[in-house]
> 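Quick one: structure below, then a few questions.
The chains referred to below are lettered A, B, ... by the order of the sequence lines, with proteins before strands, and numbering in each begins at 1. Because the structure is a prediction, the values reported are computed rather than measured.
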Amino acid sequence: MIQAVRGTNDILPQEVMRWRFLEEKARSVFGRYGYEEIRTPIFEETELFIRSVGETTDIVEKQMYTIPEEGGMGITLRPEATAPVVRSFLQHNLAHEDRVQKLFYIGPMFRHERPQKGRLRQFHQIGVEVLGSGHPSLDVEVIDLLSSFLSEMGLSGAHFKVNSVGCRVCKPKYGELLKESLKSKVHALCGNCQRRFEKNVLRVLDCKNEICQAALENIPLLPDVICQDCRNHFDQVELLLAELGVSFTLAPKLVRGLDYYTRTIFEVTHANLGAQDAIAAGGRYDHLVESLGGPSVCAVGFGMGMERMLLALQNELEGKILPVRPFLFLASLGEQAFQLNFLLQKELRKLSILSEIDYEAKSFKSQFRRANKLGVKYVLIRGEDEIARKVVKLKNMVSGMEEEVSAEHVVEIILSQIKNQLSKTNELTPPTPLK
RNA sequence: GCGGCUAUGGUGUAAUGGUAGCACGAGAGACUGUGGCUCUCUUAGUACGGGUUCGAAUCCCGUUAGUCGCCCCA
């Protein structure tokens, strides 16, 4: 049997309800902060990612789904969305508009990695990008936005970590400093870190290995050695975050994998997730726009993994997502009765009244069983007897009472029942099925 | 990409190398036109492909998928 390709998932109807809740909540919270949705293609020129994400990153080196095309480097299924958003920003000259662009996106991303829980080959991100200002208040706004979103989703236990990696002047300087400090201890480091030492020395900082962490003792930390401008920027970020009441931890050893980050970086982790514990991460990228051929425009943003978010939420969405239940079930016995019910269903649909019907000519017993499982408030009963007398029966599934009503006026009667119920309970709450 | 573990009806689980069973679910029925409970019946499975063996769910190899850790990252 053909199955979904490794690392991809079907999202079945029940699960889709959770996804829609997440998406709709994001649109509403982000909208309140003045962010507008942008949709870019799911594939781009390969070169875009090479130039933005970084040539020597794992993403570019081995995780991209690239389709060769004549002339050029081919096209690539987007592994992240910051670069496409920046590309779109440049292509449509949004930089020329005299305002800060506040954008968000929702959609699938693709990375060819070994799948694990919370790590898929097609996964989904909700992300935010602010282009056009280097002001620290925007770093803070974006973090605050994320924090509000998480708490509005009802997620507890999220942990914010914040750091500054400096600008394009002091970031490389720090790398050299770190190399210098570690030089004598290289051989004590784990195998990975010996490689990192050569390739990307900053990554040694967040190695989980105890030996490496021990070697890092007494080493100068990023926030202490970044340049004065970066230091001032970071001070502002810390101050404003505290004033907004966003709780966070200073994580001086936090670094990020993507090359383009400058100054503020942050990560949100959650204990429900295991090894892939980051549900969202982001930071400032003040030179990406320029390096993609645009003007010198500062920017900041984050990406959030939707699958990881839903994992972290586990059962916390229960009760917040109401199942859609039909209001009534149309039971029929005989072909003619079915046809009348089928036509009636169309009338009900015009009035947005959700009903269910049995298409298989099953027994009344079976139809009632199903009606009960569906949790409908009423069953409309129509058999030969009722047809002959131009009536239908309406059975209240809660009280068990049955009444006969004129077939001609049944739609109005159902409508008035709904209105009646609305005025009583102020909402349409279907009964729970009998157990 | 590397290493470990796992794979039994739709779901959750049993079965020293010797009859694949149980629960839930689903379907039908129990004075022929009425829900729940109960009862009866039905349904459906050893992931795939090889091998060892008189005999394999069970042992071996490969594949696929999941999972955990590494790498990396959302």
Side-chain angles (χ1 to χ4, degrees), chain A residues 1-9 12 53-54 56-63 78-82 106-127 146 190-193 195-196 199-200 203 206-209 255-258 266-270 273-282 301-312 329 331-334 337 358 360 362-386 393-402 431-435:
Chain A
M1 201 182 37
I2 297 174
Q3 23 186 343
V5 323
R6 187 170 166 86
T8 68
N9 267 155
L12 300 176
V53 175
T56 59
T57 56
D58 274 29
I59 292 179
V60 169
E61 279 184 348
K62 44 195 185 195
Q63 297 177 354
R78 62 181 184 199
E80 57 105 50
T82 299
I106 300 177
M109 310 291 157
F110 306 84
R111 291 183 201 170
H112 189 103
E113 293 180 273
R114 177 110 174 226
Q116 246 176 276
K117 186 165 76 171
R119 180 204 280 166
L120 294 164
R121 289 182 174 179
Q122 174 175 336
F123 60 104
H124 299 78
Q125 283 188 334
I126 298 180
L146 178 56
C190 72
N192 269 323
C193 285
R195 227 183 47 239
R196 287 166 170 154
K199 194 176 144 193
N200 187 351
R203 296 224 64 101
D206 66 354
C207 180
K208 293 165 197 161
N209 195 313
V255 289
R256 311 253 69 237
L258 279 52
F266 57 93
E267 188 173 274
V268 183
T269 57
H270 198 281
L273 300 195
Q276 274 65 47
D277 66 349
I279 60 181
F302 69 81
M304 179 179 71
M306 294 177 74
E307 284 85 354
R308 291 187 185 182
M309 181 69 196
L310 290 167
L311 276 173
F329 187 91
S332 53
L333 217 53
D358 164 61
E360 307 283 314
K362 289 188 179 157
S363 68
F364 262 146
K365 188 186 199 62
S366 160
Q367 295 188 55
F368 269 87
R369 264 205 277 258
R370 178 134 166 269
N372 187 54
K373 267 177 215 153
L374 289 168
V376 296
K377 172 99 185 176
Y378 289 97
V379 174
L380 179 146
I381 304 159
R382 185 171 353 225
E384 284 169 20
D385 181 44
E386 286 80 3
K393 285 181 183 151
L394 272 183
K395 177 167 181 173
N396 183 315
M397 292 296 278
V398 179
S399 66
M401 301 290 277
E402 223 169 274
T432 0
L434 291 177
K435 276 182 188 154

> When rounded to the nearest Å, what value does the distance between C1' atoms of B/rG25 and B/rU11 take?
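Here B/rG25 and B/rU11 have their C1' atoms 7 Å from each other.
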> Which whole number of Å gives the distance between the C1' atom of B/rU6 and that of B/rA44?
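Approximately 23 Å lies between the C1' atom of B/rU6 and that of B/rA44.
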> Produce a footprint string for nucleotides 23-30 of chain B: one letter per nucleotide, 5' end first; B if the base is under 4.0 Å from any protein heavy atom, S if only the sugar-phosphate is, - if neither.
---SSSB-
> So, taking the atom named OG in A/S363 and the one named CZ in A/R369, what distance separates them when rounded to the nearest 0.5 Å?
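With rounding to 0.5 Å, OG (A/S363) is 7.0 Å from CZ (A/R369).
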> Once rounded to the nearest 0.5 Å, what's the spacing between atom CE of A/M397 and atom CG of A/L374?
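Atom-to-atom, A/M397:CE and A/L374:CG are 9.5 Å apart.
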> Could you check how far NZ of A/K393 sits from P of B/rU34, rounded to whole Å?
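So the two atoms are 10 Å apart, to the nearest Å.
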> Could you tell me which non-hydrogen atom of A/V379 sits nearest to which non-hydrogen atom of A/A371, and how far apart they are?
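For A/V379 versus A/A371, the nearest heavy atoms are CG2-CB, 3.6 Å.
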> Expressed in angstrom and rounded to an integer, what is the separation of A/I2 atom CD1 from B/rA47 atom C1'?
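Value for this atom pair: 16 Å.
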> Can you tell me, in whole Å, how much space there is between the P of B/rA26 and that of B/rU58?
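B/rA26 and B/rU58 have their P atoms separated by 32 Å.
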> Mind calculating the distance between CG (A/L374) and C1' (B/rG35) to the nearest angstrom?
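Checked: the CG to C1' distance equals 12 Å.
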> Between B/rU13 and B/rA47, how far is it from one P atom to the other, in whole Å?
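Nearest-Å result for B/rU13 against B/rA47 at atom P: 15 Å.
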> Once you round to the nearest 0.5 Å, how far does CD of A/Q3 lie from OG1 of A/T8?
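Rounded to the nearest 0.5 Å, the CD-OG1 separation comes to 9.5 Å.
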> Is it the case that B/rU34 (base atoms only) and A/Q367 (side chain only) share a donor and an acceptor within less than 3.5 Å, ignoring hydrogens and angles?
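Such a pair does not exist between side chain and base.
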> If pairing requires Watson-Crick or G-U wobble contacts with both distances under 3.5 Å, which nucleotide is the partner of B/rU64?
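By the stated definition (distances under 3.5 Å), B/rA7 pairs with B/rU64.
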> Report the distance from atom CZ of A/F266 to atom P of B/rA74, rounded to the nearest whole Å.
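After rounding, the gap between these two atoms is 11 Å.
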> Is there any protein nitrogen or oxygen under 3.5 Å from a nitrogen or oxygen in nucleotides 2-4 of chain B, and what are the pairs?
from  : atom 1 : to     : atom 2 : distance (Å)
B/rC2 : N4     : A/R114 : NH1    : 3.0
B/rG3 : O6     : A/R114 : NH2    : 3.1

> Counting heavy atoms from C-beta on, name the nucleotide in B/rA65, B/rG35, B/rG33 closest to the side chain of A/D385.
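From the listed options, B/rG33 comes nearest.
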> Please state whether the phosphate of B/rG69, meaning OP1 or OP2, lies under 4.0 angstrom from any side-chain nitrogen or oxygen of A/Q116.
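So the side chain of A/Q116 is within the cut-off, an N or O lying under 4.0 Å from OP1 or OP2 of B/rG69.
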> Tell me which nucleotide, if any, is Watson-Crick or G-U wobble paired with B/rA20 when both distances must be under 3.5 Å.
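Base-paired to nothing in any strand shown.
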> Using the closest heavy atom to pick a nucleotide of RNA chain B for each, name whichever of A/F364 or A/E267 lands nearer the 5' end.
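Nearest nucleotide further toward 5': that of A/F364.
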> A/Q125 has a side chain; which of B/rA74, B/rC73, B/rU34 sits nearest to it?
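Nucleotide nearest to A/Q125's side chain: B/rA74.
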> Return the set of residues passing side-chain hydrogen bond (donor to acceptor under 3.5 Å, both in side chains) with A/R308 (not counting sequence neighbours), or none when no residue passes.
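For A/R308, no residue satisfies side-chain hydrogen bond (donor to acceptor under 3.5 Å, both in side chains) once neighbours in sequence are set aside.
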> With both distances under 3.5 Å as the test, what is the Watson-Crick or G-U wobble partner of B/rG55?
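No nucleotide pairs with B/rG55.
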> Looking at the side chain of A/E386, which of B/rC72, B/rG33, B/rG35 is the nearest nucleotide?
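When the side chain of A/E386 is considered, B/rG33 is the closest of B/rC72, B/rG33, B/rG35.
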> Any strand is fair game: report the nucleotide pairing with B/rA26 by Watson-Crick or G-U wobble, both distances under 3.5 Å, or none.
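Because both required distances fall under 3.5 Å, B/rA26 counts as paired with B/rU42.
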> If I take atom CZ in residue A/R256 and atom C1' in nucleotide B/rC72, what distance separates them, rounded to the nearest angstrom?
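So the two atoms are 11 Å apart, to the nearest Å.
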> Distance between the P atoms of B/rG17 and B/rC59, in whole angstroms?
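The answer is 8 Å between these two P atoms.
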> For B/rG21 versus B/rG51, give the span between their C1' atoms, rounded off to a whole number of Å.
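Each nucleotide's C1' atom is 28 Å from the other's.
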> Which pair of non-hydrogen atoms, one from A/F364 and one from A/I381, has the smallest distance, and what is that distance?
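Answer, listing the atom of A/F364 first, then A/I381: CZ-CG2, 3.5 Å.
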> Using a 4.0 Å heavy-atom cut-off, does A/G282 contact any base of the nucleic acid, only the sugar-phosphate backbone, or nothing at all?
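Answer is nothing: A/G282 stays at 4.0 Å or more from every strand.
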> Quick one: closest heavy-atom pair of A/R256 and A/R203, and the distance?
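Smallest heavy-atom distance, with atoms named: C-NH1, 3.5 Å.
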> Hey, what do you get for CD (A/E402) to CG (A/L394), rounding to the nearest 0.5 Å?
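Going from CD on A/E402 over to CG on A/L394, the span is 9.0 Å.
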> Would you indicate what A/E80 reaches in the nucleic acid, counting non-hydrogen atoms under 4.0 angstrom: base, sugar-phosphate, or nothing?
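A/E80: no heavy atom of the nucleic acid under 4.0 Å.
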> Expressed in whole Å, how much space separates the P atoms belonging to B/rG3 and B/rA74?
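It works out to 26 Å between them.
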> To the nearest Å, give me how far apart CG (A/N9) and C1' (B/rA65) are.
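These atoms are roughly 12 Å apart.
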> Tell me the partner of B/rC31, counting only Watson-Crick (N1-N3 plus N6-O4 or O6-N4) or G-U wobble (N1-O2 and O6-N3) with both under 3.5 Å; none if nothing fits.
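Checking every strand shown, B/rC31 finds no partner, since no pair has both distances under 3.5 Å.
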> Give one of base, sugar-phosphate or nothing for A/A278, where a contact means two heavy atoms less than 4.0 Å apart.
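Sugar-phosphate, backbone atoms only, no base.
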> Atom CZ of A/R121 and atom P of B/rC73: how far apart are they, to the nearest Å?
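Going from CZ in A/R121 over to P in B/rC73 covers 17 Å.
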> Could you check whether any side-chain heavy atom of A/N200 comes within less than 4.5 Å of a side-chain heavy atom of A/T56, counting everything from C-beta outward?
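Not touching, per the 4.5 Å side-chain cut-off.
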> In this structure, how many angstroms lie between the P atom of B/rU34 and the CG atom of A/L333, rounded?
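Rounded to the whole Å, the gap is 9 Å.
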> If the cut-off is 4.0 Å, is A/H112 near the phosphate of B/rG1, judged by side-chain N/O to OP1 or OP2?
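Yes.
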> Are side-chain heavy atoms of A/D358 and A/F329 found at a separation under 4.5 Å?
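Answer yes - side chains close enough.
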> Working to the nearest 0.5 Å, report the span between CD of A/E360 and CZ of A/R370.
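Going from the CD atom of A/E360 to the CZ atom of A/R370 covers 9.0 Å.
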> How close do A/E80 and A/Q125 get, counting heavy atoms only, and between which atoms?
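Reported closest heavy-atom pair: CA-OE1, 4.5 Å.
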> Please examine the side chains of A/F266 and A/L146, heavy atoms only from C-beta on, and report whether any two atoms are closer than 4.5 Å.
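Heavy-atom side-chain distance check passes, below 4.5 Å.
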> Could you work out which one of B/rC72, B/rG66, B/rG33 sits closest to the side chain of A/P115?
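When the side chain of A/P115 is considered, B/rG66 is the closest of B/rC72, B/rG66, B/rG33.
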> Does A/G400 reach a base, just sugar-phosphate, or nothing at all? Heavy atoms under 4.0 Å.
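Since a base atom lies under 4.0 Å of A/G400, the category is base.
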> Taking for each residue the nucleotide of RNA chain B with the nearest heavy atom, is it A/A4 or A/R195 whose nucleotide lies nearer the 5' end?
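Of the two residues, A/A4 wins.
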> Any idea which of B/rC73, B/rG33, B/rA65 is nearest the A/R111 side chain?
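So the side chain of A/R111 is nearest to B/rC73.
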> Sticking with atom C1', work out how far B/rG18 lies from B/rU53, rounded to a whole angstrom.
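Going atom to atom, C1' in each nucleotide, I get 12 Å.
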> What does B/rG1 pair with, Watson-Crick or G-U, if both distances are under 3.5 Å?
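Paired with B/rG1, as far as the under-3.5 Å criterion goes, is B/rC70.
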> I want to check one thing: is the phosphate of B/rA74, taken as OP1 and OP2, less than 4.0 Å away from some side-chain N or O of A/R308?
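Indeed not, no polar side-chain atom of A/R308 lies that close.
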> Would you mind classifying the nucleic acid contact of A/K117 as base, sugar-phosphate or nothing, using non-hydrogen atoms under 4.0 angstrom?
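Since only primed, P, OP1 and OP2 atoms lie under 4.0 Å of A/K117, the category is sugar-phosphate.
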> By nearest atom, which of the nucleotides B/rA74, B/rU34, B/rC72 is closest to the A/F368 side chain?
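Out of B/rA74, B/rU34, B/rC72, the nucleotide with an atom closest to A/F368's side chain is B/rU34.
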